[in-house]
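In what follows, a structure is listed as C-alpha cells, so that the remarks can point back to it.
Keep in mind that this is a model prediction, so the values were computed, not measured. Chain letters run A, B, ... following the sequence lines, proteins first and then strands; every chain starts at 1.
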Amino acid sequence: MEYNFKAIESKWQKFWSDNNTFKVDVDKSKPKFYVLDMFPYPSGAGLHVGHPLGYIASDIYSRYKRLQGHNVLHPMGYDAFGLPAEQYAIQTGQHPAVTTDKNVKRYREQLSKIGFSYDWDREFRTCDTDYYKWTQWVFIELFEHWYNKENQKSVPIRDLIEVFCREGNGKINAATDQIDVFTAEDWNNKSEKQQQEILLNYRIAYLADTMVNWCPALGTVLANDEIKEGLSVRGGHPVVQKKMRQWSLRISAYAERLLEDLNKLEWTDSLKEIQRNWIGRSEGAEMNFKLKGQDLEMEIFTTRPDTSWGVTFMVLAPESDLVQKVTTEEHKAKVEEYILETKKRSERDRMADAKSVSGQFTGAYAINPLNNQEIPIYISDYVLMGYGTGAIMAVPGHDTRDFKFARHFDLPIVQVVVKKGENPTDPKDWDDSIDSKEGKMINSGFINDLDVNAAIKQTIQYIEEKGIGKRKVNFRLRDAIFSRQRYWGEPFPVYFKEGLPYVLEKDKLPLELPKVDVYLPTEDGEPPLGRAKNWTTEDGYPFELSTMPGFAGSSAYYLRYMDPKNNEALVSEEANEYWQDVDLYIGGTEHATGHLIYSRFWNKFLFDIGWVCKDEPFRKLINQGMIQGRSSFVYRIKYNEFKDDAKKILSNFVPYLNYKKELKFTKNPSVRELRNLLNFRKGDVFYFDEENNIVLISRKLPSRIKRKIEEGNLRDKYEFLVLSEKEIKDKVIFNERINNFFKQGLELSVGNLENTFVSFNLRKEYDVTPIHVDVNIVSNDILDTEAFKNWNPEYKNAEFILEDGKYHCGHAVEKMSKSLYNVVNPDDVIEQYGADTLRMYEMFLGPLEMSKPWDTNGIDGVHKFLRKFWRLFHDDQNNISITEETPTKDELKVLHKTIKKIQEDIERFSFNTSVSAFMICVNELTDLKCKKRDVLEPLLVLLSSFAPHITEELWQLCGNNGSITYVSFPKFEAKYLVESSFEYPVSFNGKMRFKLELPMEISAKEAEDIVLSHEQAIKWLDGKTPRKIIFVPKKIINIVI
RNA sequence: GCCCGGAUGGCGGAAUUGGUAGACGCGCUGGACUUAAAAUCCAGUGACCAUUAGGUUGUGCGGGUUCAAGUCCCGCUCCGGGUACCA
C-alpha cells in the first residue's frame, strides 16, 4: 500500500474519538502531568497556520509524557465572551451566542483534523452558564474579602467588621483606600450605608471612581486600542476622559507577592522581565514639603532623595486635590483654564504634541525641608495622578522632563551629581539634563562628596530622623478595572440597594445574561443591559448593568479543566490535590501583562482563601514565537507610464532625412552607414525588419522599450511601421506614415500594457505598483499565471513580462492577515500533505520561541521524509515487510543515537532539531536496508508524538493491537554507542588541517607521537619544532608552532 | 529614552559545557530510470584562487582574552519585541 495519508489520518482520528483514547481521570497510581495551551478566542476567520504552532509543541510533549508513563491532562476549550462577537452582533443583529457557537464548531473541526490528543470530554466555553457560574462565584468571594498586609493574605470581610466593632480601624494594616481613622464607637454609630461605604474601601472587589475613555457619540467606553489619535477607531468620533463609578480589583495588594514569586517560576527571563517592569517596583522615599504661609503639606514620592538639594520647583498633577487648596487668588483663573485645557486635550492632543512643554504657576511656594529654600509650585500634565502621590519634586539638573520644564519657564537649574573623573559644569550651557545614576554629590550639604548610593541611604536616614518623610516602596501596578459597559460578558452577581452594591446569595447563581433587543447602549448612555426587561432581583432591586471583562473568564479556566463537570465547586479538592498546577503552559508573549498577571493574582487569591493548593498556577511556561505571514507581490506596470512612453517615443522621433545622399540599403547595412545616410546623431537608435526595411527610428529610446523591440516582443503587439526606401525619400509620405504610426501606437500601448505585470527582478526597469497576490497561487515564489488570471476578474486579461519563462514574485514578511492575502489555512496544508506533515513541518521551521514567517518552501522535504519513513516498513511492491532478525551493531547504534537525541531534544523543547534527527536516522536505516522489527518498532514509538497518524497505522501493520499512545518510550542504552576509536581533528595554531583516527583510550604522550610522525603533520610543521601540543581526549588535537 | 531578545550560505536553520562552522531540509546544477511526466535514486553546491593536488578566506562591524572564539569580554551598527511624560 502507498502512504495514503488521507485514509490513515481520518481512520485514526475516528479511532481515538471512538475509543476515548485521550480521556483521563484522577489516577493516583500514576504521576500526573498537566499540559495546557493558552485559551483561544474563536474568531470568525478560523485558525490559520500560526495558531497550531504552540498546540503542536504541547501535543508532542503530552504524547511524550504519556509514553513516559505519566497521567497527562491535556484539555482544550474556548475563551468565548468578547468584543468581536458583540460587534458582529451589533452589525447583523444576530445574538453573539449564535456566532460564537458557529466559530467554536469551526475551531473544533480544524483542531480535530490536526490530530491533537486533547481530552475533549473536558471542553468548555467561558460563556456556558455552568462555567460562568463559577466566575461569578469567585467575584462574590473577592467582594467578601480584604487584604491583610500583616500576614500578606486575603481574609474574610466579616473578620474586619468584628475588629471595627471592637476597636475601630486604627490598628488594621490593610491594602485600602481608607484614609480616615475611626474608633469602635465611631463605627458602631455609623449608619449601614456609611459602614458599607467604608467597607468598599477594603474589599478586594470594590466600586470606585475611575477615569475611562468616554465616547459620547457612541455612548460607550472604549479600550485604548479602540482609539487612534483621540478619535474612536469605529466612526472617528471624539473621545474624552470621564470619571465613572466602576468595579476594580485590588490587584495592587498582591504586587509584592506577584513580583517575589516570579523567582519560583520556570518562565523565560524576558517574560519575567516584562512582568517585573509592569509591576514596576521602585524603592525610594516619601517626603513632605511644607507650604509657605499655609498649614499644608505636599507629599511626594521620589526614588532619588539624594537629589533633594537640586530641587528648584514642585509640580502637581492638574487633577490633584491639592491644586485647589494651594492656588493663590491671582493665579486661580489661569490654573482653572489650564486644568480645563488638560481635560479637553486628554488623549488626542497629548498624543499629538507629546514633546511640547506646558504648565501653570499656582502662585504658591513650598519649603525644601533639606535646605529651607522657597520653591515655586506648578501644575503640569506630565505629572500623573495615578502614580505615586500625584506630585513631584523637580530636579531639572538630572531629569529630562524637569529640565525641559525649567528651560521653558526659566527656572533655576542646579547640578548635584558629578560623574567620576568629570568636573561640574555650568547648567546654563546644557542642552539636556545630566545622567545621575552614578557619581559624586556636590552642592548637597552634608552628603557632599558621597557616592550616589551612599547619599541615598544617608538622606533617607536623615529624613526619617527629622520626620520629614520615610522610606517607601512604590509600585506601578494599578488596580484592575473590572467593569465593561458591554453586553457579551459575565453579568455581575450584584444588585444595588440605596445606591450601594450587595452581592447575590450563592445559591442564586448563575445569574444568567438576559436577552436584549439590540446590543447597543441605551439612549441615556447606559450599558446594553439597561435594555433588559426585569433586570432586577425578586425584591425589585436593580442589577448591575456592566459585565465583566475578558480576563474574568480566563483567569481560572485551568482550574476548571481539572474538574469541568463539577456542580458543587469550581474544582473539587480531590481533583485539585491531584492535578495541582499546570506543569507546562505554552502560548504567546502577547499575554505577558494581561492574562498572565491577572490569573496569577486570581490564583493567589483562591490560594489565600483555601480553594486551591498551589499559589502559582503555571510552573513552566514557554512562549511560542509568532508565525508571521509571508506575503507575495506581483508588480503591475503603471498605466500613466505607458502614456508617457508613447509620448516620449513620439517626441524623440526624428522625422528628418538627409536627401542629399543616395539612400542605399545593402543586405546588412552597418550602423555607421545608416547614420551617415540619415544624418542621425549619437544616441539615436533604429531598427530593421528581416527585409532590412527601417521599422522604427528613435532618439534615446527608453531602455525597456528598446529591449522589447530587441526581444521581438513588440512585434506581436504592434503593427510596426515598415518604410520602404521610396517612402523614406519622400518627406510628405514619410511624415504622414510616421504620425499615423504613433497615433496607433499610443492607443495600442495604453490599451495593452495597463494590465501588464513584470517579474520581480525586472521590476526596477519600470515604474510599478506592487500588488498583494494570494500566496496560495504562488509556489516557491513562482506565480501560477493561469490561476492568477482566474483569481480576480480584474486580471482576466493580464499580460506578463517573464524572466526565464517564469513569473517570479516578490515577498515581504508581514502579519498574517486576510487583507494581505497571506493567510495560509491549516486545512489546505492538510488537504495537500496531511496532518502529520503539517505537524512536523511547523516544528521543523525553527526554534519554537522564535518568530518566523510561514513559508512553505521546505514542506516538500518533510513530506518526502514521511514517505521515506513509510517505505522503510515496506518492500518494493509496497507490501508491509518486517523481519524478525537480530539487529546489527550499526543498526542498534543508529537507533540508540536517535533515542538519546530525541529524548534530549523533547526535554529542552528543541523540536526542530528532533525532526532533523529523525531524517538522519531514516536516511541511515534506508542505507543499511534495515527492516528489522527490533529497530523499527522503537523508532515508531519515538516518532509517534510528532506524527501520530502514520505511526499508529504502521504500528498496526506491524501486527500490534490497539493504540501506540500508551506503550513505553524506548530506553536508551549507552552501551550501543560505545566506540573503540575517535577521529581526531588535528589543527595547527587552531586551524583544522587533517583528521586522524586514534584509539579511544590513548595517553596524550602516545597521541602526540603518532600525530607528529604523520606525513601531513610533517608537511605542516615544515621542519619546525612544535612549541606546544594540546590534546583534549575525544575532542581535538592542536599543535602550536 | 529605558528593558529584553536577535544577526551564521541563495533560503529556513544546526553547532547543548570555548574544541572539525554550515548538520538536516529547501532551492539550484548535472546525471540515472521513463516513450513522457510524476515519483524515486546518485553526484555537486559559502566565497575566492587553482587544470588537479590543494590553498586563502569566512558566523553584522571594530577591538580584546585564549593553544583554540559563532560561543567569553569591551565598544558600536542594524533588526525584532516590551514599555513609557512612571518621579
Report the nucleotide, chosen from B/A87, B/U83, B/G19, that has the shortest atom-to-atom distance to any side-chain atom of A/Y387.
B/A87
Rounding to the closest angstrom, what is the interatomic distance between B/C76 and B/U56 at atom C1'?
29 Å
Report, as a single string ordered 5' to 3', how protein heavy atoms within less than 4.0 Å touch nucleotides 1-15 of chain B: B base, S sugar-phosphate only, - not at all.
--SS-------BSSS
Starting at atom NE2 of A/H863, determine the distance to atom P of B/G25, rounded to an integer number of angstrom.
16 Å
Gap in Å between the two P atoms, one belonging to B/G30 and one to B/U20, rounded
35 Å
Pair up each side-chain donor or acceptor in residues 305-312 of chain A with any protein partner under 3.5 Å, not counting sequence neighbours, and list the distances.
| unit_1 | atom_1 | unit_2 | atom_2 | d |
| --- | --- | --- | --- | --- |
| A/D306 | OD1 | A/R304 | NE | 3.0 |
| A/D306 | OD2 | A/R304 | NE | 3.4 |
| A/D306 | OD2 | A/R304 | NH2 | 2.8 |
| A/T307 | OG1 | A/R304 | O | 2.8 |
| A/S308 | OG | A/P305 | O | 2.5 |
| A/T312 | OG1 | A/P412 | O | 2.8 |

Which residues satisfy the salt bridge (charged side-chain N to carboxylate O under 4.0 Å, His left out) test with A/K868, sequence neighbours excluded?
none
For A/I274, which residues count as a side chain to side chain contact (heavy atoms under 4.5 Å, CB included) partner, sequence neighbours excluded?
A/T589, A/A592, A/T593
Does the plane of the ring in A/F994 sit parallel, tilted or perpendicular to the ring in A/H1014? Use 30° and 60° as the thresholds.
parallel
Does A/M992 or A/F475 map to a spot on RNA chain B nearer the 5' end, using the closest nucleotide for each?
A/M992
Measure CG/A/L838 against P/B/G25 and give the value in whole Å, please.
20 Å
Can you tell me how far P of B/U20 sits from NZ of A/K995, to the nearest Å?
10 Å
Ion pair A/E1008/A/K1005, N-O distance below 4.0 Å
no
Which pairs, protein N/O on one side and nucleotides 64-68 of chain B N/O on the other, fall under 3.5 Å?
| unit_1 | atom_1 | unit_2 | atom_2 | d |
| --- | --- | --- | --- | --- |
| B/C67 | O2' | A/N1038 | ND2 | 3.1 |
| B/C67 | O2 | A/N1038 | ND2 | 2.7 |

Indicate the ring-plane relationship of A/F403 and A/W430, choosing parallel, tilted or perpendicular according to the 30° and 60° boundaries.
parallel
Please table the atom pairs, donor to acceptor, closer than 3.5 Å between any side-chain atom in residues 985-992 of chain A and protein atoms at least two apart or in another chain.
| unit_1 | atom_1 | unit_2 | atom_2 | d |
| --- | --- | --- | --- | --- |
| A/S987 | OG | A/I1037 | O | 3.3 |
| A/N989 | OD1 | A/I1041 | N | 3.1 |

Considering only atom C1', compute the distance from B/C26 to B/G44 and round it to an integer number of Å.
16 Å
Atom CD1 of A/I379 and atom C1' of B/C85 are separated, to the nearest Å, by 16 Å
In dot-bracket form, how is RNA chain B paired, counting a Watson-Crick or G-U wobble pair only if both its distances are under 3.5 Å and using | for bases paired to another strand?
(((((((..(((......[....)))((((((.......))))))((((....))))..(((((..]....))))))))))))....
Run the ring-ring contact (aromatic ring centres under 6.0 Å, His included) test on A/F405 and A/F313 for me, step by step, so that the C-alpha distance in whole Å, both residues' side-chain angles and the decisive distance to 0.1 Å come before the verdict.
CA-CA 10 Å; A/F405 195 88; A/F313 59 101; 5.3 Å; yes
For the P atoms, the ones on B/G55 and on B/U66, what distance do you get once it is rounded to whole angstrom?
28 Å
Decide salt bridge (Lys or Arg N to Asp or Glu O under 4.0 Å) for A/R471 and A/E283; before the verdict, give the C-alpha distance in whole Å, the side-chain angles of both, and the deciding distance to 0.1 Å.
CA-CA 8 Å; A/R471 182 184 308 275; A/E283 279 181 36; 5.3 Å; no
For A/N923, which contact category applies under a 4.0 Å heavy-atom criterion: base, sugar-phosphate, or nothing?
sugar-phosphate
A/K272: partners by side-chain hydrogen bond (donor to acceptor under 3.5 Å, both in side chains), with sequence neighbours left out
none
Once you round it to whole Å, what is the distance between C1' of B/C26 and CH2 of A/W854?
14 Å
Would you call the rings of A/H896 and A/F972 parallel, tilted or perpendicular, taking 30° and 60° as the class edges?
tilted
Checking understanding here: a glycosidic angle within 90° of 0 is syn, the rest anti, so what is B/G9?
syn
From CE of A/M393 over to P of B/A87, roughly how many Å is that when rounded to an integer?
12 Å
Nucleotide nearest A/I1036 (side chain, heavy atoms from C-beta), chosen from B/C24, B/A87, B/G19
B/G19
A/P318 and A/V323, any side-chain heavy atoms less than 4.5 Å apart:
no
Please enumerate all residues that pass side chain to side chain contact (heavy atoms under 4.5 Å, CB included) together with A/H408, with sequence neighbours excluded.
A/V357
Could you tell me the separation between the NZ atom of A/K272 and the C1' atom of B/G82, rounded to a whole number of Å?
17 Å
Taking atom C1' in both B/G60 and B/G6, what distance in whole Å separates the two?
11 Å
Aromatic rings A/F844 and A/Y841: how do their planes relate, parallel, tilted or perpendicular, breaks at 30° and 60°?
tilted
For each nucleotide in nucleotides 37-48 of chain B, reading 5' to 3', give B when a protein heavy atom comes within less than 4.0 Å of its base, S when such contact involves only the sugar-phosphate, and - otherwise.
--SSS-------
Please tell me whether A/F869 and A/Y3 form a close aromatic pair, meaning their ring centres lie under 6.0 Å apart.
no
List, with names and distances, any nitrogen or oxygen atoms from the protein found under 3.5 Å away from nitrogen or oxygen atoms belonging to nucleotides 70-73 of chain B.
none

Roughly, in whole Å, what's the span from CD in A/E319 to C1' in B/C85?
12 Å
A/W278 side chain, from C-beta outward: closest of B/A84, B/G27, B/A87:
B/A84
Distance between P atoms of B/G80 and B/G13 (Å, rounded)
15 Å
Can you tabulate the close N/O pairs, meaning under 3.5 Å, that link protein atoms to atoms of nucleotides 52-59 of chain B?
| unit_1 | atom_1 | unit_2 | atom_2 | d |
| --- | --- | --- | --- | --- |
| B/U56 | OP2 | A/R993 | NH1 | 2.9 |

